[in-house]
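One structure is given here, and the rest of the page talks about it.
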Amino acid sequence: MSNYENIILEIEGELATITLNRPEKKNCMSPALHSEMCIALKEVEAAKVKVMVLTGAGNAFIGGMDLEKCFFDNWDNPEDFVDGVKPSFEWMSHLKKFPAVTIAKVNGWCFGGGMEVVGLCDIAIVAEESIWGLSEVNFGIFPGGGTTWTVVNNMPSRKQALYYSLTADTFTGKEAVKLGWASKAVPLAELDSHTDKVVNGLMSKGRIVLQKTKEVYERIINLNMEFPEAVDYEIAKLYELSRLTNDDWIRTALKSFNKREFKPGLQDYKITRDDI
Ligand code: ACO
């Protein structure tokens with residue numbers, strides 16, 4: 001595994017955890033951190049994990065972009081400026097299309113680019129007490145670098161999206177669920193155990209079915225497919241999944257259901273192979 005200075009990468013079996021590790025700077029994302037994230041995501045993808053959790057050290061999830069190292073220090077040298085922010089677009093684009101399930105575990109402060117990271121993950125489990133904000137207007141810019149894209153794609157209400165983009169008012173993790181940014185909010189003291197529970201649930205499912213579930217959702221929403229096209233596409237992807245898993249859903253799962261060995265509404269089937 002590569003050596004990292006700004007993040008901690010742990011891979012245990014089919015679970016990867018990346019902890020942004022600049023607690024003294026509220027885990028704000030410097031050019032060096034962005035470059036490490038580019039490498040780390042490639043490393044995690046190559047490991048074919050089922051789930052990747054992103055979280056922050058200390059009392060912050062991500063305090064946004066490093067306003068000094070990314071912007072202030074480099075503005076007068078345009079090439080350094082571009083070189084500093086470019087890796088952020090690389091790893092965030094990778095995160096958006098990541099094959100494993102991505103979970104943002106939001107343990108504290110979450111601003112601007114931090115909200116963008118949450119917005120690109122599949123699932124967000126957040127501390128009720130965490131404080132969030134689109135703070136960009138507070139220092140004279142709009143939410144850029146992809147953040148407005150995540151606002152549009154996570155906050156369904158225009159009135160809420162523009163309210164928080166224009167006022168930079170903060171909100172809590174508990175409110176983030178209502179606003180569309182988070183899947184579940186739990187007290188900070190329960191954040192680890194609750195996230196572990198969700199991770200364990202995902203671990204008992206197949207890697208390929210998780211991957212295809214994401215792919216189908218993303219493609220249908222991004223291409224804004226009409227119902228007949230979506231049906232055709234979903235059928236084709238079902239054949240793809242069946243081929244890749246050697247028809248495990250028929251041969252193992254539904255065979256087991258046919259013998260009344262489990263209730264699919266409430267339980268997983270027991271996967272007998274660890275390569276799918
Ligand atoms: N960029 C650079 N440095 C930062 C950032 C950041 N985004 N966030 C925090 N820091 C630094 C602080 O300047 C401080 O540095 P210092 O020790 O050298 O003085 C250190 O991290 C600790 O932060 P404090 O402000 O002392 O911590 P406090 O708990 O009082 O406040 C808070 C935390 C509210 C998160 C505050 O640090 C803050 O407002 N940070 C900026 C948040 C923000 O608006 N981010 C930009 C979002 S927009 C975008 O990403 C493009």
Side-chain angles (χ1 to χ4, degrees), residues 5-8 18-38 41 54-78 80-96 104-121 124 126-155 160-176 179 181-182 185 188 191:
E5 286 178 8
N6 296 278
I7 63 171
I8 301 167
I18 298 181
T19 306
L20 277 73
N21 191 30
R22 300 182 73 209
E24 73 292 349
K25 290 284 182 184
K26 307 297 170 197
N27 305 318
C28 68
M29 300 179 287
S30 61
L33 185 146
H34 287 306
S35 296
E36 291 186 3
M37 287 299 289
C38 292
L41 259 55
L54 297 182
T55 192
N59 71 350
F61 174 65
I62 302 176
M65 296 290 261
D66 188 318
L67 298 177
E68 291 169 334
K69 290 200 158 106
C70 285
F71 304 143
F72 186 73
D73 295 350
N74 292 338
W75 186 248
D76 291 332
N77 186 334
D80 286 354
F81 181 83
V82 170
D83 288 349
V85 292
K86 212 158 64 180
S88 73
F89 306 134
E90 183 187 322
W91 79 262
M92 289 192 201
S93 302
H94 192 178
L95 178 62
K96 167 75 173 56
K105 178 163 100 171
V106 180
N107 52 305
W109 299 116
C110 181
F111 286 102
M115 284 183 56
E116 180 176 353
V117 172
V118 180
L120 294 170
C121 286
V126 310
E128 287 174 355
E129 306 90 323
S130 55
I131 302 289
W132 304 46
L134 294 163
S135 58
E136 286 86 344
V137 286
N138 284 345
F139 58 95
I141 65 168
F142 56 86
T147 305
T148 292
W149 187 93
T150 59
V151 171
V152 170
N153 283 279
N154 286 272
M155 240 182 206
Q160 302 291 12
L162 283 173
Y163 178 83
Y164 287 101
S165 301
L166 291 166
T167 65
D169 273 7
T170 58
F171 55 91
T172 64
K174 203 169 179 179
E175 291 168 298
L179 292 171
W181 282 96
L188 179 60
L191 185 63

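Counting starts at 1 for both ligands and their atoms, in listed order.
- With values rounded to the nearest 0.5 angstrom, L134 atom CG is found 10.0 Å from Y164 atom OH.
- Of the inter-residue distances, the one linking N59 atom CG with N107 atom CG reads 8.0 Å to the nearest 0.5 angstrom.
- The minimum heavy-atom distance linking N6 with S30 is given by the pair OD1-OG, 4.3 Å.
- Between I62 and the options K26, R22, M29, a side-chain contact (heavy atoms from CB on, under 4.5 Å) holds for only M29.
- How far CZ of F111 is from CG of N138: 9.0 Å, rounded to the nearest 0.5 Å.
- Sorted by chain then number, the residues whose non-hydrogen atoms approach ligand 1 to under 4.0 Å are E24, K25, K26, C28, G63, G64, M65, D66, L67, F71, W109, F111, G112, G113, S135, E136, F139.
- We find the OG-CZ distance between S130 and F171 to be 9.0 Å, quoted to the nearest 0.5 Å.
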